[in-house]
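As the structure is a computational prediction, the values presented were derived from the model and not from experiment.
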Amino acid sequence: MPYINPVIGGLLIGLSAVLMMYAIGRICGISGIVKGAIQNLFLDPLKHVKEHAWRWMFLIGLIIGPLITHQVPSAKAPSPIAASWGLVIVSGLLVGAGTTLGSGCTSGHGVCGIARLSTRSLVATMIFMLSGFITVYVVRHLL
C-alpha cells in the first residue's frame, strides 16, 4: 500500500481541477493564476478585486494546504532542498520564463489540457517532461 498516497493526491488534484472548471469556468493552471493575480495587483487592484479574488484565495490555499498537512502526525515531511537560495531563485525565474514561453505550466497543460484532449497541451507536457529528464540526468550524472 505504499502507493496509495500519490493516488489519493492525484485524484484530489483531478477533482479540484474539475470543480474549478465547473464552479467558475476557469482552468486550474497555476502559472496563469499567479500571473493574473500579480498583473491585477499592479494594474488596477481595486477595480478587479471581486473579479480576481478567487486567484488570491487559490494561492492562499496553496500555501495553507502544506502547512495544515505538516501538522498531521502521519504525514511524511519533505526532504530539505540541497541547493543555495540563489540557485532556487534563479530556477524559479527560469520556470516562470518557461511557463510564459510555453503558454502554461504542467498543471494547466498536463492536468487540464490533456484532460480536454488538447494536442498543444500534450506536446507541451511531453516537452516539460523531457526537459526535466534531461536536467536531472545532466545534474546527477554529468556535473
Side-chain angles (χ1 to χ4, degrees), residues 1-45 48-49 51-143:
M1 291 292 265
Y3 299 109
I4 193 69
N5 286 342
V7 170
I8 292 171
L11 290 171
L12 289 173
I13 289 170
L15 178 62
S16 67
V18 168
L19 287 175
M20 189 164 170
M21 179 62 81
Y22 178 76
I24 63 174
R26 301 300 304 241
I27 291 175
C28 189
I30 309 303
S31 63
I33 293 169
V34 170
K35 183 178 177 182
I38 292 171
Q39 282 178 340
N40 290 302
L41 178 66
F42 292 111
L43 293 178
D44 195 355
H48 301 288
V49 168
E51 185 178 328
H52 295 285
W54 68 270
R55 294 178 190 273
W56 290 103
M57 293 294 106
F58 188 93
L59 296 174
I60 289 168
L62 284 179
I63 294 167
I64 291 175
L67 296 176
I68 292 170
T69 303
H70 186 68
Q71 301 305 314
V72 176
S74 63
K76 186 177 178 182
S79 57
I81 298 172
S84 69
W85 278 105
L87 182 61
V88 170
I89 290 168
V90 169
S91 299
L93 291 172
L94 287 172
V95 168
T99 60
T100 299
L101 289 172
S103 299
C105 58
T106 51
S107 56
H109 283 301
V111 175
C112 300
I114 291 176
R116 293 182 300 121
L117 303 176
S118 167
T119 303
R120 182 179 84 147
S121 291
L122 179 62
V123 171
T125 304
M126 290 181 350
I127 292 171
F128 296 156
M129 297 304 291
L130 181 61
S131 299
F133 297 153
I134 291 170
T135 301
V136 168
Y137 181 81
V138 168
V139 169
R140 292 200 177 176
H141 299 289
L142 301 180
L143 296 181

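- Checked against side chain to side chain contact (heavy atoms under 4.5 Å, CB included), S107 has the following partners two or more places apart in sequence or in another chain: I30, C105.
- In terms of the side chain to side chain contact (heavy atoms under 4.5 Å, CB included) criterion, residue partners of V7 (sequence neighbours excluded) are, by chain and number, L11.
- Partners of S16 under the side chain to side chain donor-acceptor pair (under 3.5 Å) rule, at least two apart in sequence or in another chain, do not exist in this structure.
- Residues R26 and R55 have side chains in contact (heavy-atom distance under 4.5 Å, counting atoms from C-beta outward).
- For the atom pair CG of L67 and CD1 of I64, the computed distance is 7.5 Å after rounding to the nearest 0.5 Å.
- Remark: V139 pairs with T135, L143 by the side chain to side chain contact (heavy atoms under 4.5 Å, CB included) rule, at least two apart or across chains.
- Rounding to the nearest 0.5 Å gives a distance of 10.0 Å between CD1 of I114 and OG1 of T106.
- Annotation: the span from I38 atom CD1 to W56 atom CH2 amounts to 6.0 Å, rounded to 0.5 Å.
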Show me the donor-acceptor pairs, under 3.5 Å and distance only, between side chains in residues 85-102 and residues at least two apart or in other chains.
unit_1, atom_1, unit_2, atom_2, d
S91, OG, L87, O, 2.7
T99, OG1, V95, O, 3.4
T99, OG1, G96, O, 2.9
T100, OG1, G96, O, 3.0

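- Counted within 6.0 Å of CZ on R116, heavy atoms from surrounding residues, nucleotides or ligands total more than 12; the atom is thus considered enclosed.
- Atom CD1 of residue I68 and atom CD1 of residue I63 lie 12.0 Å apart, to the nearest 0.5 angstrom.
- Contacts classified as side-chain hydrogen bond (donor to acceptor under 3.5 Å, both in side chains) and involving residues 118-131 (residues at least two apart or in different chains) are given here: H109-S121, S118-S121.
- Between G104 and F128 the shortest heavy-atom distance is O-CZ, 3.5 Å.
- For the atom pair CG (L19) and CD1 (I24), the distance works out to 11.0 Å, reported to the nearest 0.5 Å.
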